[in-house]
2 protein chains.
Amino acid sequence: MVQEREPPGSHGSQGSGPQGAPPAIAVSTVIFALRPEGDATGSTPSLWTPFVLRTREPHLDRWALPGGWLPGGEELESAAARTLGETTGLHPSYLEQLYTFGGVDRSPTGRVVTVVYSALVRTDEVEQAAPGENVRWFRADRLPRLAFDHNAIVDYALERLRTKVEYAHIAHSFLGETFTLSQLRSVHEAVLGQELDAANFRRSMAASPEIVATGELMAGTPHRPPKLYRYRNQTHATRHRDAQSENPTAERVRP
Amino acid sequence: MVQEREPPGSHGSQGSGPQGAPPAIAVSTVIFALRPEGDATGSTPSLWTPFVLRTREPHLDRWALPGGWLPGGEELESAAARTLGETTGLHPSYLEQLYTFGGVDRSPTGRVVTVVYSALVRTDEVEQAAPGENVRWFRADRLPRLAFDHNAIVDYALERLRTKVEYAHIAHSFLGETFTLSQLRSVHEAVLGQELDAANFRRSMAASPEIVATGELMAGTPHRPPKLYRYRNQTHATRHRDAQSENPTAERVRP
DNA sequence: TCAAAAGTGTTAGATATACACCCATGA
DNA sequence: TCATGGGTGTATATCTAACACTTTTGA
């Protein structure tokens with residue numbers, strides 16, 4: 001990349017294609033959280049995502065992903081975390097880059113290249129956050145017609161989440177610091193949309209060194225109290241591969 | 001994304017962060033090809049990648065990934081294919097988006113967000129292409145100190161290629177229209193850097209519906225002639241998930 | 001007929017899947 | 001004591017990995 005470059009400020013012929021103006025860079029985030037199914041408590045949870053109501057053209061009055069323009073001095077991931085926090089009040093427990101959408105005709109008002117992030121937030125975080133007036137949650141599999149190409153983006157994020165939850169340990173990001181294996185299983189079931197064998201799921205998780213028992217039990221259950229587990233932050237000595245602290249598989253876990 | 005937007009042309013406060021100037025968008029491509037090991041023919045092939053010599057500051061005289069600024073009217077993938085063609089003369093048989101690198105301090109002359117693509121080219125394509133004066137190939141695992149953060153980018157692309165070759169059918173992109181299972185195996189071995197059991201590899205490939213026998217045999221071998229296979233372009237009815245023809249898992253296969 | 005690579009067969013071990021069954025607690 | 005989810009055991013099917021062995025050609 002960056003074959004040549006004028007001094008900053010004078011952007012020379014950079015990006016001056018047939019359309020004239022250089023592309024603008026935006027950052028957006030698809031946020032996933034687990035919420036109880038209906039109004040009745042105790043039912044199986046399902047995946048929900050928050051959207052922001054657009055208050056101006058284009059796509060006025062349609063729901064859109066939280067996001068905003070990328071400031072010149074802000075990191076991509078930081079901009080994603082900031083913009084999603086400003087609009088929804090949420091603090092993600094997991095945040096990773098998903099894909100960059102740059103279709104020429106994505107926006108009717110000009111070329112926009114959007115770096116999309118995928119975020120997971122804990123259920124308790126959702127409950128205590130104060131969402132803005134123009135924020136509404138929708139079931140991830142029952143979306144309205146969104147602004148721009150955001151329907152396709154969410155669909156892709158959902159697909160990625162489903163494949164990734166099977167080989168990466170990200171399900172715990174939906175839960176609190178400690179959790180039971182049943183809770184973890186219900187996360188997997190909600191994401192995958194299918195029931196899992198409790199016995200086999202338990203074994204496969206217990207086999208992983210990332211999931212460790214705390215030694216404590218959960219109290220207050222109307223039956224046998226389950227063991228509590230914790231996700232072990234894998235040595236945190238994961239070789240970093242980028243000299244400029246840009247890690248393609250970065251993961252932020254909330255303290 | 002795209003919460004609000006002035007009319008194109010007047011970019012308003014878009015991207016006007018602490019650093020002032022809005023970020024520039026570049027597109028770069030990590031190109032992989034299989035080349036014979038040493039000068040001796042017949043030895044096991046290895047992975048090579050081409051780089052372009054920088055002819056100006058910053059990072060003058062260092063090798064860099066092929067790429068360039070994104071024109072306002074060009075698709076991301078198109079820009080990747082064009083810039084890699086202009087510099088190396090190559091036509092990729094596979095091209096997919098890898099990751100977007102946007103670290104604030106990636107370039108000493110200003111903020112640059114680079115959408116990086118990963119490309120595979122066939123061996124015969126490499127042989128017939130006329131590379132420019134300032135293009136040189138290096139073994140992917142023996143790189144010099146590259147410009148910017150390109151060492152980290154290539155390392156990441158290599159890691160992705162290794163993991164992806166195991167579950168996705170992309171190895172054939174290094175070969176011609178038809179190929180023997182031995183050739184395909186040697187591709188996997190070169191990418192993974194380890195030998196594979198010929199018998200088991202054959203079975204696992206034959207089990208896949210994507211790999212089909214043409215019915216013909218390869219002639220001119222000094223031993224038993226092997227069957228030729230072809231990659232079946234999986235129905236090409238892969239559900240597209242993006243209304244604006246932007247497919248996160250797009251794949252271009254050369255005719 | 002020999003070398004070399006193509007291609008098939010077989011088996012032990014590991015992993016996945018289904019499901020029977022016991023355990024510990026609150027009500 | 002009973003209902004309920006927590007947790008263990010176990011048998012079967014499937015997949016994986018290792019390697020012996022047969023086949024087919026050119027030299």
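Computed from a predicted model, the values in this text were never measured in an experiment. Values below: every heavy atom of this structure, side chains too, minus hydrogens, waters and symmetry copies. Naming convention: chains lettered A, B, ... in sequence-line order (proteins, then strands); numbering from 1 in each chain.
- Proximity of B:Glu96 to B:Lys164: side-chain heavy atoms (C-beta onward) are separated by under 4.5 Å at one or more points.
- A straight line from NZ of A:Lys227 to P of C:dA24 spans 11 Å, rounded to a whole angstrom.
- Not counting sequence neighbours, the partners of B:Glu86 by the salt bridge (Lys or Arg N to Asp or Glu O under 4.0 Å) test are B:Arg82.
- Shown here are the ring pair (Phe, Tyr, Trp, His ring centres under 6.0 Å) partners of B:Phe179, two or more places apart in sequence or in another chain: there are none.
- One distance of note links CD of A:Glu195 with CZ of A:Phe201; it measures 13.0 Å at 0.5 Å rounding.
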> Which parts of nucleotides 13-23 of chain C does protein reach within less than 4.0 Å, heavy atoms only, written one letter per nucleotide 5' to 3' as B for base, S for sugar-phosphate only and - for none?
Replying inline: ----BBB---B
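- No contact: B:Thr180 has no heavy atom under 4.0 Å from any strand.
- A straight line from CE of A:Met218 to P of C:dT25 spans 15 Å, rounded to a whole angstrom.
- Per the geometry, CZ belonging to B:Arg202 stands 7 Å off P belonging to C:dA6, to the nearest Å.
- Atom NE2 in B:His223 sits about 18 Å away from atom C1' in C:dT1, given to the nearest Å.
- When DNA chain D is scanned in the 5' to 3' direction for atoms under 4.0 Å from non-hydrogen atoms of chain A, the outermost contacting nucleotides are D:dT4 to D:dT10.
- B:Thr214 and B:Thr178 share no side-chain donor-acceptor pair at under 3.5 Å.
- We find the OH-CG distance between B:Tyr156 and B:Leu161 to be 12.0 Å, quoted to the nearest 0.5 Å.
- Residues that satisfy the side chain to side chain donor-acceptor pair (under 3.5 Å) test with A:Trp48, not counting sequence neighbours, are A:Ser46.
- Residue pairs meeting the side chain to side chain donor-acceptor pair (under 3.5 Å) criterion with at least one partner in residues 218-230 of chain B, sequence neighbours excluded, do not occur; the list is empty.
- Between A:Thr221 and B:Tyr229, the residue anchored closer to the 5' end of DNA chain C is B:Tyr229, taking for each the nucleotide with the nearest heavy atom.
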